[in-house]
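For the single chain, residues carry numbers from 1 onward in sequence order. Note: hydrogens, waters and symmetry copies are ignored here, and every other heavy atom, side chains too, is used.
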Amino acid sequence: MAKGPAVDQELSAVLNELWKLDVNRLKPGRDYTINLQGKADFVAQGSNNARDKANAPLFSYVNEEKLKSIATFACFISLLDNYEMSTGVAEKVTNEELEENDLFLDAILKTEVMKRTHRYLVSKGQASSDIAQFKKQLFDIWFKLYNRDRSGGEDSCGFEHVFVGETKYGKEIMGLHNWVQFYLQEKLNCVDYKGYKGGDKDKPTADDHVVNLQFSWKGLVKPLGSSFIGVSPEFEVALFTIIFLMNNERVTKTMVKVDKYLLEIVVCRHGRAIGTSYPKMLQKQ
């Protein structure tokens, strides 16, 4: 039998440090509750027909007061409405939105998660020790607009794709790998959770911080999506930034063990910026 890729032990060690430092991570069953319900059926990519195996939303409860009292989450939420959903439609960035990007980066850079990330990247020669330079680097990776759809202007950026979600030609969902955006869109009745994805090794439970799932967003189906649940925005930015900077392939698939989860972290680059990034749960202990 062919041997699969090995777990990256060094990266796993750093990510576990970040996991322990992530004091802003919400606690399942206390700060939020998810209701996984049924297992979703197979749906071919591009099809928008999915049987709903979940009558209720994924999120039964989220303590929004707590969410909005944490600076990084509050700044993160203010960024979610700054983007045009469809690729091919140029983004118009206002001064207010630039300021919101700035406030978000300032907020995450104050956390221990990002301080440790910065030290690690400096030790690897992947970031300047100067914090202003590092902030500029993060801006370019996550917020610098680029052209995803060749027919239009600068219509996308890493942050929009990964955390907000966008559509391709109005026919296919791209990105939307963030639990806060998922919850807020579900509350607006824009997202309809269809069920979890997983077998014996990766069947999720309500306490899990990583879930593979199927959903529709504004009528378009995502046959297989995946997301961290409950983690802070700084943890996700840290994890994906480290993998992005430590590799230079167009698509990087890294196997790591974080907490009790064996994950494949996928990061695709778009020039010097993130094209997409997401976790995929392989199994848990």
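The CG atom of Leu79 lies 8.5 Å from the CG atom of Leu105; values are rounded to the nearest 0.5 Å. With rounding to the nearest 0.5 angstrom, the CD1 atom of Ile77 is 9.5 Å from the OG1 atom of Thr72. Here the OG-CH2 distance, from Ser12 to Trp19, works out to 13.0 Å after rounding to the nearest 0.5 Å. Residue Ile141 holds its CD1 atom at 4.0 Å from CG of Leu245, rounded to the nearest 0.5 Å. Taking CG of Leu109 as the reference point, atom CD1 of Ile131 lies at 5.0 Å (rounded to 0.5 Å). Here Tyr32 contributes atom OH and Glu64 contributes atom CD; the two are 15.0 Å apart, rounded to the nearest 0.5 Å.
Screening Trp142, Phe240, Phe139, Phe76 against Phe159 for a ring-ring contact (aromatic ring centres under 6.0 Å, His included) leaves a single residue, Phe76. Among Phe215, Tyr193, Tyr183, the one residue that satisfies the ring-ring contact (aromatic ring centres under 6.0 Å, His included) test with Phe59 is Tyr183.
Counting heavy atoms from C-beta on, the side chains of Val237 and Phe104 come closer than 4.5 Å. No side-chain heavy atom of Glu100 sits less than 4.5 Å from a side-chain heavy atom of Phe143. Looking at Lys194 and Asp192, their side chains come closer than 4.5 Å, going by heavy atoms from C-beta outward. Using a 4.5 Å heavy-atom threshold, the side chains of Asn16 and Val258 count as touching. Taking 4.5 Å as the limit, some side-chain heavy atom of Met281 sits within range of a side-chain heavy atom of Leu263. Residues Glu234 and Glu112 are not in side-chain contact: their nearest non-hydrogen atoms beyond the backbone lie 4.5 Å or more apart. By the 4.5 Å heavy-atom criterion applied to side chains, Asn247 and Val267 are not counted as neighbours.
The shortest non-hydrogen separation linking Leu103 to Cys75 is O-SG, 3.9 Å. Heavy atoms only, all atoms of each residue included: Pro28 and Asp207 are closest at CG-O, 3.6 Å. Between Ile34 and Thr205 the shortest heavy-atom distance is CD1-O, 4.2 Å.
Between Asp102 and Lys135 a salt bridge is recorded (basic side-chain N to carboxylate O distance below 4.0 Å). With respect to Glu17 and Arg119, no salt bridge is recorded, no charged nitrogen being found less than 4.0 Å from a carboxylate O. Taking a cutoff of 4.0 Å between a charged side-chain nitrogen and a carboxylate oxygen, Asp106 and Lys110 do not qualify as a salt bridge.
Side chain of Trp179 to backbone of Val231: a donor-acceptor contact under 3.5 angstrom is found. Remark: side-chain polar atoms of Gln137 are paired, donor with acceptor, to backbone N or O of Gln126 under 3.5 angstrom. In this structure a side-chain-to-backbone donor-acceptor pair under 3.5 Å is present from Ser227 to His177. Judged by distance alone, with hydrogens and angles left aside, the side-chain atoms of Asn178 form a donor-acceptor pair with the main-chain N or O of Val180 at under 3.5 Å. His209 places no side-chain N or O within donor-acceptor distance of the main-chain N or O of Lys27, the cut-off being under 3.5 Å. Using modelled atom types, one side-chain atom of Gln214 and one backbone atom of Asp41 make a donor-acceptor pair closer than 3.5 Å. Formation of a donor-acceptor pair under 3.5 Å by the Gln37 side chain with backbone atoms of Asn55 is found in this model. Formation of a donor-acceptor pair under 3.5 Å by the Gln181 side chain with backbone atoms of Val164 is found in this model. In terms of modelled atom types and a separation under 3.5 Å, the side chain of Asp22 and the main chain of Leu18 share no donor-acceptor contact.
Lys260 NZ: more than 12 foreign heavy atoms inside a 6.0 Å radius.
With 3.5 Å as the limit, one finds a donor-acceptor pair spanning the side chains of Asp208 and Tyr261.
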